[in-house]
Visitor: 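One structure follows; several queries about it will come next.
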Amino acid sequence: MKALNKFLKGELEFIDLGLLLLRILPSYYMLVDHGWSKIINPEKWYKLGNAVTKYFGDLIDFMNPFFGFLASLSESVGAVLILFGLFTKQSSMLLSLTMLFAALNHITGTGSPEKAWIYFSIFLAISLIGPGKYSLDNKFFSSNKN
């Protein structure tokens with residue numbers, strides 16, 4: 001009961017636990033609901049890549065599969081890396097960029113950009129804050145081991 005009172009008064013913080021939850025839950029849903037189905041279906045990559053190339057007219061349409069692959073990679077492998085807290089800042093930055101293009105695609109196309117903006121916000125925050133104490137990044141790359 002003392003711990004609950006301390007927490008409610010703001011005397012006890014669970015920052016690293018909060019960062020762990022912020023990493024695990026969105027990364028899991030990104031992988032399961034979005035990334036897995038895209039990475040195993042290369043025929044989707046052309047359409048996914050169009051979310052980037054459509055802003056350049058027909059100049060770089062040949063890059064559609066490449067950009068689609070990068071989006072699929074960030075939503076699958078990137079999500080797994082963030083989930084475990086390995087190369088977290090780099091993976092979350094790539095994933096937030098992917099979600100930015102997804103949101104812009106929904107704004108200029110069809111559908112609601114809400115989910116993409118939410119994922120964008122979460123992964124941008126992770127890339128700015130870092131993975132926290134409960135991460136492989138902290139275990140392998142941190143100079144102050146907790």
Side-chain angles (χ1 to χ4, degrees), residues 1-56 60 62-107 109 111-146:
M1 195 62 145
K2 283 184 179 181
L4 179 61
N5 283 335
K6 280 182 142 183
F7 176 72
L8 293 175
K9 289 179 183 177
E11 298 170 0
L12 186 62
E13 294 181 348
F14 296 102
I15 294 171
D16 290 308
L17 182 60
L19 286 171
L20 176 67
L21 292 174
L22 187 65
R23 274 195 357 255
I24 288 177
L25 296 174
S27 298
Y28 171 79
Y29 287 114
M30 176 59 68
L31 173 65
V32 171
D33 293 343
H34 303 281
W36 183 252
S37 65
K38 292 174 184 165
I39 198 70
I40 63 171
N41 290 315
E43 57 273 359
K44 288 184 176 184
W45 297 350
Y46 187 86
K47 183 180 177 201
L48 288 170
N50 189 48
V52 175
T53 62
K54 72 180 183 178
Y55 299 108
F56 299 96
I60 58 172
F62 67 94
M63 296 287 289
N64 282 354
F66 174 72
F67 286 125
F69 169 72
L70 283 180
S72 301
L73 190 70
S74 70
E75 291 181 14
S76 58
V77 175
V80 170
L81 290 172
I82 295 166
L83 193 135
F84 288 110
L86 185 62
F87 304 114
T88 308
K89 286 189 170 201
Q90 298 86 346
S91 299
S92 57
M93 186 54 75
L94 184 60
L95 194 44
S96 63
L97 185 63
T98 300
M99 291 299 100
L100 175 65
F101 278 105
L104 293 174
N105 186 48
H106 287 300
I107 288 171
S112 170
E114 181 181 11
K115 272 203 257 186
W117 283 128
I118 291 170
Y119 278 122
F120 169 78
S121 303
I122 291 168
F123 291 116
L124 181 63
I126 292 170
S127 71
L128 295 173
I129 298 168
K133 180 169 76 171
Y134 307 117
S135 67
L136 293 176
D137 281 340
N138 186 56
K139 181 166 178 62
F140 296 127
F141 306 118
S142 178
S143 58
N144 83 16
K145 302 284 185 201
N146 293 333

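Everything numeric in this text was worked out from a predicted model, so none of it was measured.
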Visitor: First locate atom OG of Ser74, then atom CZ of Phe123, and finally report the distance between them rounded to the nearest 0.5 Å.
Guide: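 Reported to 0.5 Å precision, the distance equals 9.5 Å.
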Visitor: Distance check, rounded to the nearest 0.5 Å: Ile126 atom CD1 versus Met93 atom CE?
Guide: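 The CD1 atom of Ile126 sits 11.5 Å away from the CE atom of Met93.
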Visitor: Rounded at 0.5 Å granularity, tell me how far CG in Leu100 sits from OG in Ser121.
Guide: 10.5 Å
Visitor: Got Leu70 and Thr98 here, is their nearest side-chain heavy-atom distance under 4.5 Å?
Guide: no
Visitor: Taking all atoms of both residues into account, what is the closest heavy-atom pair of Asp16 and Gly132, and its distance?
Guide: OD1-CA, 3.5 Å
Visitor: Can you check whether Ser92 reaches Arg23 side chain to side chain, under 4.5 Å on heavy atoms?
Guide: no
Visitor: Would you name the heavy atoms of Gly109 and Lys54 that are closest together and state the gap between them?
Guide: N-NZ, 4.4 Å
Visitor: Taking all non-hydrogen atoms of both residues, which atom of Ala103 and which atom of Pro113 are closest, and how far apart?
Guide: O-CB, 3.6 Å
Visitor: Quick check: closest heavy atoms across Leu48 and Lys38, and the distance to 0.1 Å?
Guide: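 Nearest pair, atom of Leu48 first, then Lys38: CD1-CD, 3.8 Å.
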Visitor: So Tyr134 and Leu19, do their side chains get closer than 4.5 Å, heavy atoms only?
Guide: no
Visitor: At their closest point, which heavy atom of Gly85 faces which heavy atom of Ser135, and how far apart are they?
Guide: O-CB, 3.6 Å
Visitor: Could you grab the distance from atom CG of Asn50 to atom CD1 of Ile60, nearest 0.5 Å is fine?
Guide: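 Interatomic distance, Asn50 CG to Ile60 CD1, rounded to 0.5 Å: 10.0 Å.
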Visitor: Quick one: are His106 and Glu114 in side-chain contact, heavy atoms under 4.5 Å?
Guide: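 SC-SC contact between His106 and Glu114 ruled out.
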Visitor: Counting C-beta onward and ignoring hydrogens, is there a side-chain heavy-atom pair between Val77 and Ile39 closer than 4.5 Å?
Guide: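 Counting from C-beta outward, Val77 and Ile39 never come under 4.5 Å.
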Visitor: Counting only heavy atoms not in Glu43, do more than 12 sit closer than 6.0 Å to its CD atom?
Guide: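 Counting other residues, nucleotides and ligands, CD of Glu43 exceeds 12 neighbours.
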Visitor: Relative to the ring of Phe120, is the ring of Trp117 parallel (under 30°), tilted (30 to 60°) or perpendicular (over 60°)?
Guide: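 Perpendicular: the ring planes of Trp117 and Phe120 meet at over 60°.
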Visitor: Report yes if some heavy atom in the side chain of Ile82 is under 4.5 Å from a heavy atom in the side chain of Leu95; otherwise report no.
Guide: yes
Visitor: Restricting to non-hydrogen atoms, name the atom on Tyr119 and the atom on Pro26 that form the minimum distance, rounded to 0.1 Å.
Guide: CE2-O, 3.7 Å
Visitor: Are any of the side-chain heavy atoms of Phe84 and Ser27 separated by less than 4.5 Å?
Guide: no
Visitor: For the CD1 atom of Ile129 and the OG1 atom of Thr88, what is their distance to the nearest 0.5 Å?
Guide: 12.0 Å
Visitor: Taking the inter-plane angle between the rings of Phe87 and Phe141 on a 0 to 90° scale, is it parallel (under 30°), tilted (30 to 60°) or perpendicular (over 60°)?
Guide: tilted
Visitor: Looking only at atom types and distance, does a side-chain atom of Trp45 sit under 3.5 Å from a main-chain N or O of Ala71, one as donor and one as acceptor?
Guide: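 Between the backbone of Ala71 and the side chain of Trp45 there is no qualifying donor-acceptor contact (under 3.5 Å).
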Visitor: For the atom pair OG1 (Thr53) and CZ (Phe62), what is the distance rounded to the nearest 0.5 Å?
Guide: 10.0 Å
